[in-house]
Number of protein chains: 2
Amino acid sequence: MPDIKHFDPDTALDRAVTLFWQRGTDATGIADVVQATGLSRSSLYATFGGKAQLQAAALSRYLELRSRPVFEALAADIRGVPAIAAFFERLVAARCAGEHARWGCLVTNTHATASGGRPEIREILDRHHDALRMAMRTALETARADGQLRADLDVEAAAEALTLQAYAVNLRSRAGAEAAVLLAGVRAVLDGFTTTEER
Amino acid sequence: MPDIKHFDPDTALDRAVTLFWQRGTDATGIADVVQATGLSRSSLYATFGGKAQLQAAALSRYLELRSRPVFEALAADIRGVPAIAAFFERLVAARCAGEHARWGCLVTNTHATASGGRPEIREILDRHHDALRMAMRTALETARADGQLRADLDVEAAAEALTLQAYAVNLRSRAGAEAAVLLAGVRAVLDGFTTTEER
DNA sequence: CCTATCTTGGAATAACCGTTCCAAGATAGG
DNA sequence: CCTATCTTGGAACGGTTATTCCAAGATAGG
C-alpha cells in the first residue's frame with residue numbers, strides 16, 4: 001500500500017561522504033547535502049534522521065567502502081614488506097594527486113573534530129584503527145615468516161607505528177605536504193624494521 | 001590623550017588558545033571567547049579583528065609558547081637518541097594525562113579543519129612542521145656524531161618520520177588512545193634508527 | 001579642569017544553522 | 001478505480017552565528 005522511496009539511499013549517502021570528506025563534516029551544512037543529493041529535507045530526515053546520524057552513517061560507509069578494501073588487500077598481499085611499501089605508495093599517491101588530492105582521510109580528519117568525541121563516532125574511529133593495525137600486523141607476520149624483518153622487532157608495536165604513520169600521511173597531505181617527503185618518511189620507518197641484508 | 005586598554009591582550013589570547021585547543025576552533029563561538037575572557041565584543045573585535053584573525057593569532061601564540069620551547073629543548077639536548085625518546089615520553093604523558101589530557105595539539109587538530117586550508121593558517125602549520133623537523137634533525141645529527149645511529153640512516157627522512165609520528169600521537173591521543181600503545185609505536189620507530197649495539 | 005580620542009558595554013542585525021511540519025503527490029494492495 | 005500509507009517539496013521556526021553600531025565611560029595631554 002505505501003509509497004516507496006524515489007531515490008537510492010546509498011547513492012545519497014555516497015554524496016554526503018564526498019561532501020564531508022572534502023569540505024569537512026562540521027563545515028558541511030544540511031543545505032549542502034540537500035543540494036548535492038538533489039533530494040528534499042523531508043526525505044533526508046526520514047531516511048537518515050538528523051545530521052549526527054547522517055555523519056555516523058557516512059563515516060561508517062567510508063570505512064567499509066574506502067578503507068576496508070584497501071586494508072584487506074594489504075592483509076592478503078603475501079609479499080611482506082613490499083606489500084606494506086606498496087600500500088603506502090598508493091596511499092601517498094591518492095592523497096597528493098588525482099580525484100581526491102588534498103582531501104586527506106575522512107576518518108583521520110574526524111579525529112580532530114568536536115564530533116570525534118561522541119561515543120558512536122569514537123567507536124568507528126577505533127574500528128578503523130584496529131582494522132588497519134591488524135592488516136599491518138598480518139603483513140608484518142608474513143614478512144617475518146619470510147625472514148624480511150629484524151629478529152628483535154616487536155611486530156605488534158611496529159604495526160601500531162605504521163598505522164600511526166599512515167594517519168600522519170593523511171593529515172599532512174591535506175595541508176599540502178609533498179608526496180616525495182611523505183614517502184621518504186615512511187620508507188625510513190620501514191627500512192628500520194627490515195633486516196640489514198634486505199636493504 | 002586617548003584611553004588605554006583595560007585588559008591585557010596576551011592574557012585574553014591565552015584564554016582563546018585554551019578554548020580553541022580544548023573544544024576545537026570551529027566549535028568555539030565568539031560568545032564563548034567573550035565569556036572566557038570577560039571582555040566585551042567591542043574590545044575583542046577592536047583588539048583582534050574578527051574570528052579568523054583571532055584564530056590565526058591564537059594558533060601562532062600556541063606555536064611560540066607551547067610548541068617552540070619544547071622543540072628548542074629537544075634541539076639543545078645533547079644526548080641524541082635518548083633526547084628524542086624523552087621528547088616523546090613527555091609528549092605522550094602530556095597528551096594522555098594531566099591538565100591537557102585528550103586535548104591533542106592545537107596545530108595538529110587544525111590540519112584537519114576547514115580553516116586549515118586558509119593560506120595564513122597553512123603558513124603557521126608549515127612553520128610548526130619545519131620547527132619540529134629541524135629539532136628532530138639536530139637531535140639525530142647529535143646522535144649520529146655519537147655513533148648511536150645506523151650507518152645507512154637517512155637523517156633527513158628519519159626526522160620527517162619522527163615528526164609525522166608525533167602528529168599521529170597527538171591525533172590518536174585525542175581519540176582516547178592508551179599511552180603505552182602510543183609509546184610502543186614510537187619506540188619501534190626509534191629502535192629501527194639506532195645501531196644494533198645500542199639496542 | 002577640559003576636551004579630544006580611544007575603549008567599553010550591550011543592544012541590534014542579518015545570515016545561517018539543524019529541525020519540524022503540513023499539504024500535495026505517488027504508490028501498491030484490494 | 002479506490003484508498004490507506006508512505007514519500008516528497010517547500011515553507012516555516014527557533015536558536016545560534018559572526019559582526020556592527022552607538023551611546024556612555026575612561027584616559028591623559030594641555
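Everything numeric in this text was worked out from a predicted model, so none of it was measured.
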Interatomic distance where [atom1] belongs to [X] and [atom2] belongs to [N] [whole Å]:
X       : N      : atom1 : atom2 : result
A:Ile4  : D:dT7  : CD1   : P     : 10 Å
A:Phe7  : C:dG25 : CZ    : P     : 20 Å
B:Tyr45 : D:dT20 : OH    : P     : 7 Å
B:Leu44 : C:dT7  : CG    : P     : 13 Å

Tell me, please, which residues at least two apart from A:Phe71 pass ring pair (Phe, Tyr, Trp, His ring centres under 6.0 Å).
-> A:His128
Carboxylate-amine/guanidinium contact A:Arg187 B:Glu160, below 4.0 Å =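 B:Glu160 and A:Arg187: not salt-bridged.
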B:Phe88 with B:Leu164, same ILVMFWY side-chain cluster at under 4.5 Å =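 Same cluster: B:Phe88 reaches B:Leu164 through Ile, Leu, Val, Met, Phe, Trp or Tyr contacts under 4.5 Å.
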Quick one: ring-ring contact (aromatic ring centres under 6.0 Å, His included) pairs with a partner in residues 23-47 of chain B, sequence neighbours left out?
-> none
Hey, could you give me each pair passing ring-ring contact (aromatic ring centres under 6.0 Å, His included) that has a residue in residues 90-118 of chain A? Not counting sequence neighbours.
-> A:Trp21-A:His100, A:Trp21-A:Trp103, A:His100-A:Trp103, A:His111-A:Tyr167
For B:Ala188 and A:Ala161, the nearest pair of non-hydrogen atoms, with its separation, is CB-CB, 4.3 Å
What are the two closest non-hydrogen atoms of B:His6 and B:Ile4, and how far apart are they?
-> CD2-O, 3.0 Å
With no hydrogens and no angle check, is any side-chain donor or acceptor of A:Asn109 less than 3.5 Å from a backbone partner on A:Cys105?
-> yes
Check whether any side-chain N or O of A:Ser173 sits under 3.5 Å from a backbone N or O of A:Asn170 as a donor-acceptor pair, and report yes or no.
-> yes
Dump the pairs, protein N or O against N or O of nucleotides 10-17 of chain D, anything under 3.5 Å, distances to one decimal.
residue: D:dG10; atom: O6; partner: A:Ser42; partner atom: OG; Å: 2.6

Using both pair distances under 3.5 Å as the test, note the stems of at least 3 consecutive Watson-Crick or G-U pairs that include DNA chain D.
-> C:1-30 with D:1-30
Residue that, paired with A:Phe87, satisfies side-chain contact (heavy atoms from CB on, under 4.5 Å) out of A:Val92, A:Leu162, A:Val70 =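 Looking at A:Val92, A:Leu162, A:Val70, the match for A:Phe87 under the side-chain contact (heavy atoms from CB on, under 4.5 Å) is A:Val70.
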In residues 9-18 of chain B, which residues come under 4.0 Å of DNA chain C by heavy atom?
-> none
